[in-house]
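Below, chains carry the letters A, B, ... as their sequence lines are ordered, and counting in each starts from 1.
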Amino acid sequence: MILAINPNPPPRVLRTRNNSSSYGDSFNHHDLLLLHLNECNEISKLKEIHAQTLRSTLPNDPNTLFIYSRILHFASSNDLDYACRVFDEIENPNCFMWNTLIRAFAKSSDCKERGILLYKKMLVQGTFLPDKYTFPFLLKACAYLTALFEGKQAHAQLLKLGFGSDAYINNSLIHFYASCDCLAVARNVFEKMPERSVVSWNAMIDAFVQLDEFETAMQLFREMKNLFKPDNYTMQSIVSACAGLGAFSLGAWSHAYILRKCVPDASTNVQINNSLVDMYCKCGSLEMAKQVFDRMPSRDVNSWNSMILGFSNHGKAEAALECFECMRGAGTTPNSVTFVGVLSACDHKGMVSKGRKYFDMMITEYKIEPRLEHYGCLVDILARGSLINEALDLVSSMPMKPDVVIWRSLLDACCKKNADVELSEEMARQILELGGGAYGGVYVLLSRVYASASRWDDVGLVRKLMTDNGVSKEPGCSWIEIDGTKHEFFAGDTSHSQAGEIYRVLDVIGDRLESIGYAPDYSQAPMVDEVNDRKKQSLRVHSERLAIALGLLHLKPGMPIRIFKNLRVCNDCHQVTKLISKIFNVEIIVRDRIRFHHFKDGSCSCMDYW
DNA sequence: CTAGGGTTAG
């Protein structure tokens, strides 16, 4: 949408005060109406006052206009439709009135675009130019709608109108550009603004967190701390940054920082506690998550949701379901996200009948319309339970189109069974059509289907397709935190300062494994490795094994080894890690791209179902 | 009258 400032604005009518009202002393009358307005607390009363105003005042009297802006202000936060009708009645709304309505729409849940539309109307009308209050509202709407084109025009116009150094506006701009993924522009606004406040820093830090640039967010936080006292908003962003990084010590430090009352009221703030629960879950410490959760002075739906999802992601399906029942017992109504947690818990443990039960409960008892995510869980539950036909039936009964994730669930299940080549091809085609080809997994699955049907020509074809389309597997990478320092590894990495010791540990592991008769599982080894020896070698030095080896070198008694990796665990590493946990009598917690595995005494919390 | 997350499945 083009938003142009009107070059020929109509002349602003100069209103003369008209005191010769036939209603007597209009001044007192206005005061009386205002008094009523101040006491007004429901929309029906407001309507009465509105009617009286209409009946008993002169439309062009400035005092009347003031009353109208008060009515508008009240109406816009209670009944938007009504506010619009009041607004339309005003012959020549002033800047304040435009702002009030633009703000109301920008804040509304479902029609933010009308905020932008209204701004356009304001420009077309041209009697009043937008002021410095207009832009924060407008930019909020643009940010939410990721309306980059409109927001940029607003940016140009606010510069033209001379608001380039206004702090509020610049903060809004940072948030807007960040919402549109224009991190560099956001940063530029931040750098160039004449005076930065806590909010500016918060907006910038949060921008980096939202776009997964956690390290930069932390860096900025360190700079900010020397200048301003962090507040609740800062801490929430920082705690989520720790969650994203999987940085346990840093997360624990933030927690301590909050508890030391460095931030007023943070330790009792529900949102802060929710993000702490989430952070501890994502950093692999269910114990700490549970502790924070148990000590919370009050909980909302999100608190329960975080805990349920935490249990689920750690493979503790029973605990997740128990938590769900507690939540119901506590009188908190579950929402759509709650059921994502509940269903994914069922999925992680292959609970087919429970999965169905909760899916039905969500619809019948809680009247929640299943969303794509819920269908995704149930489809996966059915598909992995070898009920492929039922999964397909469910997909065709869905009111929305299946996405890449759902097709992948189905394709995955097909590959595991005696593959139906045609069905698999169809699914792969769907995934590629939906643009899911960038991830090499589809090709890998498909070539496995062809291989199992001994269609070697097709296997070659898929491989050629992969190289032609430039599909490459994202390199596997794992990391471990030791005394607060992150150590990162790629497969076969020799760059670590303790590389020599690490590889000696791997040799020891290799020998011990061989002595107990372990045979490597090459099924998921990269296809490019033609020579078996190289395959064997490449499995042995998968990044997570290097990280585990370093963990063993720095083992603290009674403490688990926590590993993080960017991809999913391969079959062989999963098997090997189970054995390592037994041989060395150590608990190993691995955060995969999707979820956690707790290895202990030779078995894993996922019960080999992941 | 002004700024400050949209969590979530695979």
Using atom types as modelled, flag every donor-acceptor pair under 3.5 Å from a side chain in residues 213-220 of chain A to any protein atom, sequence neighbours excluded.
from: A:Glu213; atom 1: OE1; to: A:Thr216; atom 2: OG1; distance (Å): 3.4
from: A:Gln219; atom 1: OE1; to: A:Arg222; atom 2: NH1; distance (Å): 3.2

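Sorted by residue number, the members of residues 303-318 of chain A with any non-hydrogen atom under 4.0 Å from DNA chain B read A:Leu309, A:Asn313.
Taking the side chain of A:Asp380 as heavy atoms from C-beta on, and the options B:dG10, B:dT8, B:dA9, the nearest nucleotide is B:dG10. For A:Asp231, whose side chain is taken as the heavy atoms from C-beta onward, the closest listed nucleotide among B:dG10, B:dG5, B:dG4 is B:dG4.
Residue contacts for A:Asp403: at a heavy-atom cut-off of 4.0 Å it reaches a base atom on one of the strands shown. Within 4.0 Å of A:Leu372, counting heavy atoms only, lies at least one base atom of the nucleic acid. A:Asn302 comes within 4.0 angstrom of a base, heavy atoms only.
In terms of the salt bridge (Lys or Arg N to Asp or Glu O under 4.0 Å) criterion, residue partners of A:Arg429 (sequence neighbours excluded) are, by chain and number, A:Glu426, A:Glu433. Residues that satisfy the salt bridge (Lys or Arg N to Asp or Glu O under 4.0 Å) test with A:Lys282, not counting sequence neighbours, are A:Asp278. Considering only residues two or more places apart in sequence or on other chains, A:Trp304 meets the ring pair (Phe, Tyr, Trp, His ring centres under 6.0 Å) condition with A:Phe293. A:Tyr375 pairs by the ring pair (Phe, Tyr, Trp, His ring centres under 6.0 Å) definition with A:Phe359, not counting sequence neighbours. With sequence neighbours excluded, the residues forming a salt bridge (Lys or Arg N to Asp or Glu O under 4.0 Å) with A:Glu365 are A:Arg328, listed by chain and number. Partners of A:Glu113 under the salt bridge (Lys or Arg N to Asp or Glu O under 4.0 Å) rule, at least two apart in sequence or in another chain, do not exist in this structure.
Computed from coordinates, the A:His597 NE2 to B:dG10 P distance equals 11 Å when rounded to whole Å. In this entry the distance linking CG of A:Asn335 with C1' of B:dG6 reads 12 Å, nearest Å. Whole-Å rounding puts the A:Asp212 CG to B:dT7 P distance at 12 Å. With rounding to whole Å, A:Arg568 atom CZ is found 11 Å from B:dA9 atom P. Protein atom CZ of A:Phe359 is 16 Å distant from nucleotide atom P of B:dA9, rounded to whole Å. Going from atom CG of A:Asp278 over to atom P of B:dT7 covers 12 Å, rounded to whole Å. We find that CG of A:Asn566 is positioned 16 Å from C1' of B:dG10, with the value rounded to whole Å. A:Gln271 has its CD atom 15 Å from the P atom of B:dG4, to the nearest Å.
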Listed pairs, N/O of protein and of nucleotides 1-3 of chain B, under 3.5 Å:
from: B:dA3; atom 1: N3; to: A:Asn171; atom 2: ND2; distance (Å): 2.8

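Contact annotation: A:His374 does not reach the phosphate of B:dT8 (side-chain N/O to OP1 or OP2, under 4.0 Å).
Between A:Leu118 and A:Ile102, the closest heavy-atom pair is CD2-N, 3.8 Å.
Nucleotide B:dG6 carries an anti base; the chi torsion (O4'-C1'-N9-C4 or O4'-C1'-N1-C2) is more than 90° from 0.
Put simply, the side chain of A:His348 reaches to within 4.5 Å of the side chain of A:Asn313, judged on heavy atoms.
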Q: Let me see the working for A:Thr134 and A:Asn99 under side chain to side chain donor-acceptor pair (under 3.5 Å), right down to the final yes or no.
A: CA-CA 5 Å; A:Thr134 317; A:Asn99 291 347; 2.7 Å; yes
